[in-house]
Amino acid sequence: MPERQTITGFSNPRVKFIRSLRDKKHRRREGRFLAEGLRILTEAREAGHLPETLVLSDKADPHPLIAALEREVFARGGEVIETSVDILEKLSGKSNPQTVLGVFADLPTALDDLDRAAAPIWLVAQEMRDPGNLGTMLRTGDAVGAGGLILLDDCTDPFSVEAVRASMGALFTQKIARANRGDFLDWLRAGPGQLVGTSLRTETDYQAPAYAPPVFILTGNEARGLPEAYEDACDILVRMPMMGKADSLNAAVATAVMAYEVLNQLRRA
């Protein structure tokens with residue numbers, strides 16, 4: 001088996017390259033992103049995705065999952081780097097970094113490559129700006145067996161360190177596609193699909209409609225919600241009852257509530 005490389009200096013070119021992937025412009029230029037933590041990298045491996053570069057702390061305790069990752073990375077022709085906690089801190093941007101970090105190739109999916117019949121539920125986000133919300137939506141999609149997440153317009157980067165971390169590995173189990181409004185609606189209307197939007201500008205309770213798969217759950221921007229043009233394009237607009245002083249739920253929470261309502265209806269059908 002090939003041997004680990006040892007890196008001890010902050011000025012090493014590999015350290016600089018990996019560190020650069022914390023920035024969106026470098027991720028897009030290189031077509032690479034970072035994921036950290038043994039749990040997330042194990043989820044990736046089990047979903048069939050291995051890092052091109054595996055970075056391990058020289059203080060990491062021996063672990064069978066780390067050993068499995070290392071073997072498979074080497075088998076695929078990847079590299080394994082052992083380095084200090086200080087350098088891992090620089091790479092991850094965290095003061096208490098995980099002991100395992102991976103560099104992955106992007107996971108792009110074209111809208112036309114999505115198989116809408118592959119799952120009864122799909123999540124759609126329009127101008128989602130918070131990476132934590134986006135990562136949580138991916139995690140929700142994995143939990144309900146969704147086919148993936150479609151990002152419309154200017155959404156935050158799903159491959160940012162924050163979004164990857166929030167997804168808890170679901171980034172590797174969910175298809176992710178990007179589109180603008182026109183392309184998405186053209187694609188959607190070319191086949192079966194019920195577009196369901198969450199909105200404050202309707203009186204229809206979210207439990208009232210009968211949902212028919214494949215259901216595309218559309219959630220708008222955290223601050224502004226869905227633009228009128230998107231609401232007009234929906235087959236159904238629904239809202240959730242708000243019994244307290246708040247007038248709306250967090251966008252990712254609202255998506256989860258909707259996804260489980262659809263799932264429960266389909267389970268009872």
Side-chain angles (χ1 to χ4, degrees), residues 22-25 27-28 33 93-94 109 111 121-144 146-168 170-171 174-185 187-188 193-209 211 215-262:
R22 286 172 49 195
D23 298 328
K24 183 177 180 179
K25 66 178 181 179
R27 286 195 300 273
R28 289 196 170 179
F33 68 96
K94 293 173 62 179
T109 302
L111 196 60
I121 300 173
W122 295 80
L123 305 183
V124 188
Q126 191 271 331
E127 287 202 356
M128 194 68 61
R129 303 306 303 154
D130 184 274
N133 280 337
L134 195 147
T136 300
M137 289 180 70
L138 287 166
R139 195 173 177 184
T140 295
D142 179 83
V144 300
L149 175 63
I150 301 171
L151 304 176
L152 301 179
D153 306 329
D154 187 23
C155 282
T156 190
D157 183 3
F159 301 113
S160 70
V161 172
E162 296 81 6
V164 174
R165 188 180 297 141
S167 80
M168 294 299 291
L171 176 87
Q174 295 287 288
K175 300 289 187 182
I176 301 174
R178 299 177 186 267
N180 58 39
R181 175 177 170 271
D183 289 344
F184 168 68
L185 292 177
W187 174 83
L188 181 69
Q194 186 182 61
L195 185 59
V196 179
T198 54
S199 173
L200 297 177
R201 294 184 285 272
T202 181
E203 296 304 318
T204 302
D205 186 88
Y206 77 111
Q207 292 184 320
Y211 299 113
V215 181
F216 291 81
I217 300 170
L218 174 58
T219 306
N221 173 268
E222 294 94 336
R224 299 184 300 275
L226 286 174
E228 185 174 345
Y230 277 99
E231 292 190 343
D232 291 343
C234 288
D235 299 302
I236 304 172
L237 282 178
V238 297
R239 69 182 297 161
M240 286 148 227
M242 303 298 298
M243 312 305 290
K245 293 184 178 180
D247 64 355
S248 64
L249 289 172
N250 167 274
V253 172
T255 301
V257 172
M258 276 301 309
Y260 271 97
E261 174 59 26
V262 173

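- Using a 4.5 Å heavy-atom cutoff, the side chains of P158 and R178 are in contact.
- Side-chain atoms of T140 and T255 include no donor-acceptor pair closer than 3.5 Å.
- A 4.5 Å side-chain heavy-atom check between F33 and S160 finds every atom pair outside the cut-off.
- Between S199 and the choices R239, E231, E228, the side chain to side chain contact (heavy atoms under 4.5 Å, CB included) rule is met once, by E231.
- Contacts of E127 classified as side chain to side chain donor-acceptor pair (under 3.5 Å), with partners at least two apart in sequence or in another chain: R224.
- Side-chain contact between M128 and L151 is absent, with no heavy-atom pair separated by less than 4.5 Å.
- Between the D153 side chain and the N180 main chain, no donor and acceptor come within less than 3.5 Å of each other.
- To the nearest 0.5 Å, the span separating CG on D235 from OH on Y211 amounts to 11.5 Å.
- K175 has its side chain out of reach of L149: every pair of non-hydrogen atoms, C-beta onward, lies at least 4.5 Å apart.
- Here SG of C234 is found 6.0 Å from CG of L226. Values are rounded to the nearest 0.5 Å.
- Contact annotation: the side chain of M258 approaches that of V238 to within less than 4.5 Å [non-hydrogen atoms, C-beta and beyond].
- Judged purely by atom type and a 3.5 angstrom limit, R129 uses its side chain to pair as donor or acceptor with the backbone of D154.
- Taken to the nearest 0.5 Å, the CG atom of N221 stands 10.5 Å off from the CG atom of D130.
- Partners of R27 by side chain to side chain donor-acceptor pair (under 3.5 Å), not counting sequence neighbours, listed by chain and number: D157.
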Chi angles and distances behind the side-chain contact (heavy atoms from CB on, under 4.5 Å) call for L152, V124:
CA-CA 7 Å; L152 301 179; V124 188; 3.5 Å; yes
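- Ring geometry for F216 versus W122: interplanar angle under 30°, hence parallel rather than tilted (30 to 60°).
- For the atom pair K24 NZ and T156 OG1, the distance stands at 6.5 Å (nearest 0.5 Å).
- Heavy atoms only, all atoms of each residue included: P241 and D205 are closest at CD-OD1, 3.6 Å.
- With rounding to the nearest 0.5 angstrom, the CD1 atom of I150 is 11.0 Å from the CD atom of Q174.
- For the pair E222/N133, a side-chain contact is recorded, criterion being any heavy-atom separation below 4.5 Å from C-beta on.
- Of all heavy-atom pairs between L111 and A179, the closest is CD2-CB, 3.9 Å.
- The residue from V215, L188, I217, V262 that alone fulfils the side chain to side chain contact (heavy atoms under 4.5 Å, CB included) condition with Q194 is V215.
- Counting heavy atoms from C-beta on, the side chains of V257 and T198 never come closer than 4.5 Å.
- Residue A166 comes nearest to G132 through the heavy atom pair CB-O, 3.8 Å, listed as atom of the first residue, atom of the second, then distance.
- Applying the ring pair (Phe, Tyr, Trp, His ring centres under 6.0 Å) criterion to Y230, with sequence neighbours excluded, gives no partner residue.
- Between L171 atom CG and L134 atom CG the span is 9.0 Å, to the nearest 0.5 Å.
- Side-chain contact between M242 and L200: absent, with no pair of heavy atoms (C-beta onward) separated by less than 4.5 Å.
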